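Quick notes on the structure that follows.
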2 protein chains.
Amino acid sequence: MHRIELKSLLADRAVGTPSGRVVRALSERGALSATQIAHITGLAKSTVSMTLSELRKSGIVVEGPSLERGASVGRPATVLTLNPQAGTCVGVLIGLGQARVIVADVSHAIIADTVTELDPDFSPEQAAEETRRMIKQTYAEHSMPLCGLLGVGVAVAGPVNPIDGRMQRASVVPTWAGIDIRTVFGPVLQRPILVDNESNCAALAEMMWGAAIGYEDFVLFKIDMGVGGAIVSGGRVLTGIAGSAGEFGHMTVDPDGPLCRCGNRGCLELYASFKTPLQHASKRFDRPMTMDDVIVLAKEGDVGCRRLIEDTATAAGRGLGMIGTILNPGLIVIGGRMALAGDLLMTPLAASFEKHTLVKRSDVSGPARTELTIGKFTENDSCMGAVGLVLRHHGRLA
Amino acid sequence: MHRIELKSLLADRAVGTPSGRVVRALSERGALSATQIAHITGLAKSTVSMTLSELRKSGIVVEGPSLERGASVGRPATVLTLNPQAGTCVGVLIGLGQARVIVADVSHAIIADTVTELDPDFSPEQAAEETRRMIKQTYAEHSMPLCGLLGVGVAVAGPVNPIDGRMQRASVVPTWAGIDIRTVFGPVLQRPILVDNESNCAALAEMMWGAAIGYEDFVLFKIDMGVGGAIVSGGRVLTGIAGSAGEFGHMTVDPDGPLCRCGNRGCLELYASFKTPLQHASKRFDRPMTMDDVIVLAKEGDVGCRRLIEDTATAAGRGLGMIGTILNPGLIVIGGRMALAGDLLMTPLAASFEKHTLVKRSDVSGPARTELTIGKFTENDSCMGAVGLVLRHHGRLA
DNA sequence: GCTAATAAGTTCACCCTAGAACAAATAAGG
DNA sequence: CCTTATTTGTTCTAGGGTGAACTTATTAGC
């Protein structure tokens with residue numbers, strides 16, 4: 001029997017076949033037992049068994065590290081993953097003046113994580129070229145074959161249409177507006193390119209490996225130097241018709257408020273991000289302060305810094321309250337570096353959310369309540385999510 | 001061969017079988033050709049052909065009225081529907097001081113539409129009893145067998161959890177809070193009960209028969225004496241963890257604004273509903289005015305009435321702008337009786353939406369734009385949607 | 001009015017999936 | 001230490017869905 005190629009099993013035409021479905025499930029989830037695969041794919045366990053024995057014979061599926069004993073009776077499950085040598089994926093984050101590249105294999109093992117500084121106003125072509133360089137170097141350093149690279153996921157700051165890869169206005173670098181990421185990166189990287197918004201990628205990371213595992217419906221709310229987020233419905237990250245779904249930072253809070261970089265007035269981002277508080281802190285301490293500085297000082301008991309965090313939380317909670325009213329999600333994950341403040345942020349945030357949202361905690365019983373939790377990822381969420389784009393959406397790969 | 005029962009094909013256990021999938025598709029869509037069924041169910045057309053010939057033999061599926069010639073080449077499709085005599089469904093709207101009952105058969109033909117006034121503060125038990133009476137009477141008048149009734153869909157004003165049927169606070173009649181609709185109506189009607197919010201039902205109606213046919217993702221925004229709405233994502237009406245998703249009327253517009261009946265301050269409903277304008281109009285004309293009166297006068301050129309509509313539209317547009325920013329839907333359907341104002345409403349509404357939303361029309365090309373349109377249903381939308389609940393969700397029927 | 005093009009619907013043999021029965025591997029309990 | 005309960009994973013056959021080829025029904029064009 002001639003060798004089965006992983007790529008062909010990830011192609012669109014194999015969507016319906018058992019092999020395709022099993023491989024897809026493993027690619028999306030990482031490590032699974034045969035029973036779990038049967039449950040997820042909806043195939044009978046007999047079919048899964050036969051399919052797996054073939055996939056194991058051809059080396060596409062391997063036995064993974066046996067999971068910690070789950071304290072349950074019955075025969076322990078053998079954990080399976082895709083063969084790490086069968087393929088690799090790259091996640092790229094194109095952010096404010098920096099590019100980040102994470103390399104992982106199809107068994108969900110992270111192989112490398114690199115960050116490079118870029119010119120403040122770099123062009124898309126520069127970004128693509130730099131990405132190519134970083135990928136090439138990383139693969140060389142780990143003596144991995146570049147031909148194993150299945151696809152590249154790109155997370156960009158600002159709205160982007162994942163279908164056509166086109167950037168919207170209001171992106172990090174205004175000159176990127178209208179640029180088609182796929183057209184720019186595709187020819188340079190010579191691989192299928194999957195693009196999505198930074199926050200949407202972060203949500204994907206939380207869903208695949210973070211605080212939202214097992215949730216089909218949740219909201220990610222990101223508080224950092226800006227405010228953003230993502231909406232996950234039915235296990236699907238909502239992109240919106242133009243790719244701008246989840247842009248919580250640009251909800252109008254005060255139509256007569258100050259101008260925002262997006263062109264509207266009084267956006268939530270102007271009140272609930274940590275940009276303005278940082279300016280106040282820098283003035284007060286007479287030196288440039290970072291978000292981490294303020295959080296550390298607040299945890300040490302500095303009342304001024306505590307108040308800055310509280311005020312931000314209160315403003316964010318108002319926006320979050322509206323999101324709760326509109327979407328009534330089962331889970332809200334707080335992301336962004338602001339989440340590092342922990343309870344200092346979450347306590348006033350939860351209070352403000354409760355005040356402004358429609359259904360109060362006391363109105364409903366436990367399972368119908370909206371949970372608020374801190375995300376697992378705060379720093380590399382978007383880039384991990386970009387990896388997830390490839391692992392989840394390779395159906396769209398050529 | 002013994003007769004196949006429609007009910008058993010609609011049961012959960014038949015979800016996977018071809019017969020079940022074909023019947024389900026027909027029940028959801030009404031009339032379809034064999035090719036369309038194959039496309040929707042994902043089955044091979046050969047399978048559909050064989051399944052249909054069996055279903056036709058057993059009388060569950062019948063040839064429907066041949067659709068108007070579609071001006072396309074090729075053999076014309078034979079249109080199929082479920083046998084109207086195989087089953088009927090009832091949609092009930094429990095609204096402000098009135099109950100409405102619509103009876104339809106499984107071929108999507110409407111058989112009857114009845115409205116009854118109720119006491120302003122009727123109890124759930126009264127509503128259930130009245131519903132039973134109306135259903136019984138209607139079936140008698142049309143000499144239809146009550147045993148053919150497959151299920152009853154109930155649309156209620158105010159948040160309700162469709163899973164457990166429990167009403168939330170902030171419902172029409174405050175005393176209904178915490179009531180389990182399914183438990184109250186179930187024993188009285190002796191049929192499977194499906195419950196959802198009024199607005200969610202309206203969205204279902206627009207999706208199945210109205211302005212949102214073919215859309216998997218859209219938003220319904222309802223402007224009437226209150227403001228409400230629904231979010232449809234991936235063909236699924238979002239209910240939220242507690243059933244309050246889509247409650248656009250209670251987004252906080254001004255945290256220091258007047259108290260709302262929901263207990264919060266400055267809700268959108270206080271500015272964007274037609275309740276306050278109606279009070280102004282009544283004072284101005286010194287007689288009780290209805291929404292229709294104001295719309296008629298506005299269309300005749302009365303500048304005061306025009307302004308009332310414009311101001312409402314402007315306020316609504318601000319809320320809608322936020323919805324556009326957060327969800328970036330491909331389509332927004334404007335429902336509620338306010339939509340009867342037509343362009344008098346839509347022009348300022350679209351302008352206000354455009355002003356407050358993130359992605360402007362000029363930012364993106366046609367297919368990525370958010371369309372704004374008036375709903376097909378304005379009056380009986382919710383009750384029709386309640387019928388749709390039964391036609392779509394009978395998988396959940398016992 | 002004939003042919004070509006297009007699309008809908010049907011037939012049938014073959015492969016493949018599902019279900020049941022069985023085998024294997026562990027925890028709990030006396 | 002053996003039995004029971006529980007869960008995982010494999011084997012095998014029957015039945016059923018699929019795809020290819022074919023038939024039927026219509027429009028468009030010459």
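Only this structure's heavy atoms are used, side chains among them; waters, hydrogens and symmetry mates stay out. Here the structure is a predicted model, which means the values were calculated and not measured. By convention in this document, chain letters (A, B, ...) are assigned in the order of the sequence lines, proteins followed by strands, and residues within each chain are numbered from 1.
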Donor-acceptor pair present, S49(B) side chain and dG9(C) base, under 3.5 Å: no

Which of the following nucleotides, [options], is nearest to the side chain of [X]?
X      : options                   : result
A44(A) : dG9(D), dA18(C), dA8(C)   : dA18(C)
S33(B) : dA27(C), dT8(D), dG9(C)   : dG9(C)
M50(A) : dA21(D), dT18(D), dC12(D) : dC12(D)
R75(A) : dA18(C), dT27(D), dT7(D)  : dT7(D)
K45(A) : dA21(C), dA18(C), dG17(D) : dA21(C)

For a quick test of reading the model, state the closest non-hydrogen atom pair linking [X] to [Y] and the distance between them.
X       : Y       : answer
L82(A)  : S107(A) : O-CB, 3.5 Å
V90(B)  : V387(B) : C-CG2, 4.3 Å
I241(A) : A368(B) : CG2-O, 3.3 Å

Sole candidate of I37(A), L55(A), T81(A) that passes side chain to side chain contact (heavy atoms under 4.5 Å, CB included) when paired with L26(A): I37(A)

Name of the residue among T370(B), T373(B), V333(B) meeting side chain to side chain contact (heavy atoms under 4.5 Å, CB included) with F218(B): V333(B)

I110(A) side chain reached by I102(A) side chain, heavy atoms, under 4.5 Å: yes

Watson-Crick and G-U pairing of DNA chain D written in dot-bracket, each distance under 3.5 angstrom, with | for inter-strand partners: ||||||||||||||||||||||||||||||

Sugar-phosphate, base or nothing in reach of S46(A), heavy atoms under 4.0 Å: base

R29(B) atom CZ, over 12 foreign heavy atoms within 6.0 Å: no

Value in whole Å for how far the [atom2] atom of [N] lies from [atom1] of [X]:
X      : N       : atom1 : atom2 : result
L32(B) : dA8(C)  : CG    : P     : 13 Å
I40(B) : dA8(C)  : CD1   : P     : 13 Å
L52(B) : dA8(C)  : CG    : P     : 14 Å
R21(B) : dG17(D) : CZ    : C1'   : 10 Å
L43(B) : dT10(C) : CG    : P     : 15 Å
H39(A) : dG9(D)  : NE2   : C1'   : 17 Å
E54(B) : dT11(C) : CD    : P     : 13 Å
K57(B) : dT10(C) : NZ    : C1'   : 14 Å

Distance test, side-chain N/O of R56(B) to OP1/OP2 of dT10(C), below 4.0 Å: yes

Phosphate OP1/OP2 of dG9(D): any T78(A) side-chain N/O under 4.0 Å: yes

First encountered from the 5' end of DNA chain D, between T47(A) and V48(B): T47(A)

From CA spacing to verdict: salt bridge (Lys or Arg N to Asp or Glu O under 4.0 Å), R236(A), D217(A): CA-CA 8 Å; R236(A) 200 175 57 125; D217(A) 301 87; over 6 Å; no

